[in-house]
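These notes are about the structure you will find just below.
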Amino acid sequence: LTMSTRRRLLHDWARQVGALLPEVRVTRTRTLALFVLGVAWAGSVALLRVAEALPVGVKDASTEQRLRRWLKNPGVVVREVWAALLPALLASRAGEEVLLVLDPTPQNGRFTVLALGLVCRRRVLPVAWRVLPQQERWPRPQRELLREMFAEVAAALPPGCAVTVVGDRALPSAEVVDLCRERGWEALFRLSADARQGHHARLADGRTCPVWELVAGPGQRWSGPVELFKAAGWRPMAVTIRWDRGQAEPWVLASTRPGGADRVREYRRRAHAEATYADGKTRGWDIEASRVTLRERFDRLLLVLHLATLWCLSLGA
């Protein structure tokens, strides 16, 4: 893009962001808009590279300091800004089946980002997240964090959406299933089939056994109703076992809907999360190059990055 074209695009984008955030101070919305397009054009969250990509007519160092001040500003409340933006970002999903991937992801050796992301084409686009300490005890229980995140997304979704939350082996628990059911959402998780750490299942005939005992071997395709989460008093679920030949291990899936091939297809779409994580690293936005060490500032940086990702996807579409 030429410099004049970038200036026009920046002006239009700043106007759109300002219209979506009428309660936020104008200087903050303008810097947010500037930051987002700078990240998109630079392909990086490194502040100097972002500043160099912007058509603002001042020294790059001055622009970098402006962006740094925005990251430090306690008046930029991420949850409030995102809550105002999210309904517009999800408006086109009315009446659709929505797949949300739930994943805790380590970042920069300092943080764990507990994220809920919307599967869209071949990417998972974050719609709610919390930045948490990686080496310390989380300030609040996971159940409280997830209840808040689910509520934020539910409030922003348009009418008629059928939601399924998909998670990997680290996440299945009665509390997550219960939180999904509170919202009228479905849940789908992969279970560990490891004999040392796997779940137990209660079968239709009343017999209880480790889930791994249901796994027969390569080539198996089986599904059936069971109860899981004995310690929580059991929850009715369905288990699907899919072990394709040539694969090192099976998929053992637990779902609140009947098991079978549909659950396998849904879980397969979770793999798009891996491509999204790679986008954020050195082959893409290079979030690992960020020197941000405080959680509040990293949270604001993620706000910019997620909005830039959504903007690029919309532009590409």
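The closest side-chain heavy-atom distance from L34 to W13 is not below 4.5 Å. Proximity of L116 to F150: side-chain heavy atoms (C-beta onward) are separated by under 4.5 Å at one or more points. Here the side chains of V226 and V211 are not in contact, with every heavy-atom distance at 4.5 Å or above. L310 is not listed as a side-chain neighbour of L85, based on a closest heavy-atom distance of 4.5 Å or more. Side chains of L253 and V264 form a contact here, defined as non-hydrogen atoms less than 4.5 Å apart. Looking at heavy atoms from C-beta onward, L9 lies in side-chain contact with W41 at the 4.5 angstrom threshold. Residues L132 and L145 meet the side-chain proximity criterion, which asks for heavy atoms closer than 4.5 Å. Between L37 and W311 the shortest side-chain heavy-atom distance falls below 4.5 Å.
The hydrophobic clustering, which links ILVMFWY residues whose side-chain heavy atoms are closer than 4.5 Å, places V113 and V77 apart. If you chain together hydrophobic residues whose side chains sit under 4.5 Å apart, L228 and L203 fall into the same group. A single hydrophobic cluster is not seen to contain both V252 and W234; linkage of ILVMFWY side chains at heavy-atom distances under 4.5 Å, directly or through other members, places them apart.
With values rounded to the nearest 0.5 angstrom, W222 atom CH2 is found 5.5 Å from I241 atom CD1. Distance CG/L307 to CG/L32: 6.0 Å, rounded to 0.5 Å. Taking SG of C120 as the reference point, atom CG of L89 lies at 11.0 Å (rounded to 0.5 Å). Summarising the geometry, atom CZ belonging to R269 is positioned 10.0 Å from atom OG1 belonging to T164; distances are rounded to the nearest 0.5 Å. We find the CD-CG distance between E186 and L99 to be 11.5 Å, quoted to the nearest 0.5 Å. Atom CZ of R110 sits about 9.5 Å away from atom CG of L294, to the nearest 0.5 Å.
For F189, there are no ring-ring contact (aromatic ring centres under 6.0 Å, His included) partners, not counting sequence neighbours. Listed by chain and number, the residues in a ring-ring contact (aromatic ring centres under 6.0 Å, His included) with W129 are W82, H306 (sequence neighbours excluded). For R181, the side-chain contact (heavy atoms from CB on, under 4.5 Å) partners two or more places apart in sequence, or in a different chain, are V177, R235, P236, M237, T256. Evaluation of the side-chain contact (heavy atoms from CB on, under 4.5 Å) rule for S173 yields E175, V176 as partners, not counting sequence neighbours. Scanning for salt bridge (Lys or Arg N to Asp or Glu O under 4.0 Å) contacts around R202 gives E227, with sequence neighbours left out. Every residue meeting the side-chain contact (heavy atoms from CB on, under 4.5 Å) condition with S255, not counting sequence neighbours, appears here in chain and number order: L188, A238, R263. Checked against side-chain hydrogen bond (donor to acceptor under 3.5 Å, both in side chains), E64 has the following partners two or more places apart in sequence or in another chain: R68. With sequence neighbours excluded, the residues that form a salt bridge (Lys or Arg N to Asp or Glu O under 4.0 Å) with E182 are R143, R147.
Summarising the geometry of P104 relative to P106, their closest heavy-atom pair is O-CD, 4.1 Å, with the distance given to 0.1 Å. Smallest separation of non-hydrogen atoms from F111 and T293: CZ-O, 3.5 Å. Nearest approach of A308 to V39, heavy atoms of both residues: CB-CG1, 4.0 Å. Across P139 and P133, no two heavy atoms sit closer than the pair CD-CD, 3.9 Å. Here the closest non-hydrogen pair linking W243 and A248 is CZ2-O, 3.7 Å. Taking every heavy atom of both residues into account, C209 and E213 meet most closely at CB-OE1, 3.4 Å.
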Give the C-alpha distance, both sets of side-chain angles, the deciding distance and a yes or no for side-chain contact (heavy atoms from CB on, under 4.5 Å) between L90 and L118. CA-CA 9 Å; L90 296 178; L118 171 72; 4.0 Å; yes
Starting from the C-alpha separation in whole Å, work towards a yes-or-no answer on side-chain contact (heavy atoms from CB on, under 4.5 Å) for V81 and L21. CA-CA 7 Å; V81 172; L21 300 171; 3.9 Å; yes
Between L102 and L114, is the side-chain contact (heavy atoms from CB on, under 4.5 Å) condition met? List the steps. CA-CA 8 Å; L102 176 62; L114 182 63; 4.2 Å; yes
Step by step, would you call T112 with W138 a side-chain contact (heavy atoms from CB on, under 4.5 Å)? CA-CA 10 Å; T112 293; W138 288 4; 4.0 Å; yes
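Under the side-chain hydrogen bond (donor to acceptor under 3.5 Å, both in side chains) criterion, the residue pairs touching residues 27-37 are T31-R66, with sequence neighbours excluded. Counting only residues at least two apart or in different chains, salt bridge (charged side-chain N to carboxylate O under 4.0 Å, His left out) contacts with residues 292-310 comprise R79-D299. A salt bridge (charged side-chain N to carboxylate O under 4.0 Å, His left out) check over residues 124-139, counting only residues at least two apart or in different chains, returns the pairs R130-E148, R130-E152.
Under the 3.5 Å distance criterion, the side-chain polar atoms of T240 are matched with a main-chain donor or acceptor of G260. In this structure a side-chain-to-backbone donor-acceptor pair under 3.5 Å is missing from D103 to T105. Checking side-chain atoms of Q220 against main-chain N and O of L214 turns up a donor-acceptor pair under 3.5 Å.
For D262 and Y267, the side-chain atoms include no donor-acceptor pair closer than 3.5 Å.
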Only pairs under 3.5 Å count here: list side-chain donor-acceptor contacts from residues 50-61, not counting sequence neighbours, and write none if there are none.
none

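No salt bridge links E249 with R242; every basic N to acidic carboxylate O contact stays at or beyond 4.0 Å.
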